[in-house]
Structure formats: structure tokens, C-alpha cells
Amino acid sequence: MERLTFVLRLDVVGEGTYGRVAKCVQMANKKIVAIKMIKDQDQKDPFKNQELAALQKLKACNSSKYNIVEWYQAFTVRGHLCLEFEFLEKSLLDLLHLHQPFPG
Ligand SMILES: Nc1ncnc2c1ncn2[C@@H]1O[C@H](COP(=O)(O)OP(=O)(O)OP(=O)(O)O)[C@@H](O)[C@H]1O
């Protein structure tokens, strides 16, 4: 996990319970990716290992075939865990709003 990874951050696209998500360019292949940067205080949280274990299991199940967001790799930047995913242009909520608008 400590291998050298160069990414260019373009924008912060969201924030969840465990950290911020940024739209980035993975310099190794020039792909646009989403990188979830885990918050400082969560570095020792058991979540970190549980999340990694779950992502590894999903990857082993060929997640791309089943329309599960693809996880590419994990790396650390100055000791901070970063999770690299395929970049999704729309969330499920965006799609629901597009195809079946909620009342109000
Ligand atoms: N793969 C992705 N591609 C594009 N945007 C993303 C991606 N993953 C997350 N985001 C954006 O970042 C936001 C936060 O995502 P994140 O996964 O950190 O938390 P969450 O899904 O809101 O829930 P939680 O942190 O509680 O699990 C999302 O609402 C979305 O806008």
C-alpha cells in the first residue's frame, strides 16, 4: 500500500462520514478517478480495516460485471489512507430524480 502514486486533484466532489471525495487524474494512466481521503481522526478507526476488507472481497467478485462501483487501489499520503474508485458522473439519487421525479 506504500507504493508511489501520483494523482492530480481537480475538485472536491463530496463529503461522507469518513472523509472527502475528490475528482482526480491518476497520472499513471491519465484516468479520471474518485479518491476518498479518510479523515485524520479515523486513521485508527476499525472502519479502515473493515472497509478495505469489504472492498477486497467485492473486487474478487468482479464488481464491474455486477454494476458495483469499481475500486482500483488503496494508498497512503503522509500516513492518510486514500481509496481510489472509478469516477461516477451521477449518483443513484441523481438518476432517480432524472427518471422518476419526486413530488415537491
Ligand atoms: N466514485 C465516486 N464518483 C463520484 N463521486 C463520488 C464517488 N464516491 C463518492 N462520491 C461523492 O462523494 C460523496 C461522499 O461519498 P462517500 O462515499 O464518502 O460518503 P456517503 O456515500 O455519502 O456515505 P458514508 O460516508 O456515510 O458512507 C457522495 O455523496 C458523492 O457525491
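Scope of the values below: all heavy atoms of this structure, side chains included, with no hydrogens, waters or symmetry mates. Every number for a ligand or one of its atoms is a count from 1 in the order of the listing.
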Does the protein put any heavy atom within less than 4.0 Å of atom 29 (O) of ligand 1?
no

Tell me which one of Asp94, Thr17, Val21 gets a heavy atom nearest to atom 15 (O) of ligand 1.
Val21

Enter the distance from Ile68:CD1 to Cys61:SG here, rounded to the nearest 0.5 Å.
7.0 Å

Quick one: nearest non-hydrogen protein atom to atom 22 (O) of ligand 1, plus distance?
Gly16 CA, 4.0 Å

Group every Ile, Leu, Val, Met, Phe, Trp and Tyr by side-chain heavy-atom contacts under 4.5 Å, then state whether Val12 and Val77 land in the same group.
no

For residues 24-38, which side-chain N or O atoms pair as donor and acceptor with protein atoms under 3.5 Å away, sequence neighbours left out?
unit_1, atom_1, unit_2, atom_2, d
Gln26, OE1, Ala28, N, 3.3
Gln26, NE2, Glu84, OE1, 2.7
Gln26, NE2, Glu84, OE2, 3.4
Asn29, OD1, Lys31, N, 3.0
Lys30, NZ, Met27, O, 3.3

Lys36, Glu51, Glu89, Lys90: member with heavy atom nearest to atom 27 (O) of ligand 1:
Lys36

For Glu86, is the nearest heavy atom under 4.0 Å from an atom of ligand 1?
yes

Please answer: with hydrophobic residues joined when any side-chain heavy atoms are less than 4.5 Å apart, are Phe6 and Leu10 in the same cluster?
yes

What is the minimum heavy-atom distance between Leu83 and Leu52, and which atoms define it?
CD2-CD2, 3.8 Å

Only heavy atoms of Phe87, strictly under 4.0 Å: list the atoms of ligand 1 that pass.
3 (N), 4 (C)

Of all the non-hydrogen atoms in the protein, which one sits nearest to atom 3 (N) of ligand 1, and at what distance?
Leu88 N, 2.9 Å

For ligand 1, which atoms, with element, lie under 4.0 Å from some heavy atom of Ala34?
1 (N), 2 (C), 3 (N)

With heavy atoms and a 4.0 Å threshold, my read on which part of Glu15 contacts ligand 1 is backbone

Within residues 9-22 or reaching into it, pairs that qualify as salt bridge (Lys or Arg N to Asp or Glu O under 4.0 Å) - sequence neighbours excluded
Glu15-Arg20

Judged by atom type as modelled, is there a donor-acceptor pair below 3.5 Å linking the side chain of Lys59 to the main-chain atoms of Trp71?
yes

CD-CG distance between Glu70 and Leu88, expressed to the nearest 0.5 angstrom:
10.0 Å

Tell me: protein heavy atom nearest atom 31 (O) of ligand 1, and distance?
Val13 O, 3.8 Å

Protein heavy atom under 4.0 angstrom of atom 10 (N) of ligand 1, is there one?
yes

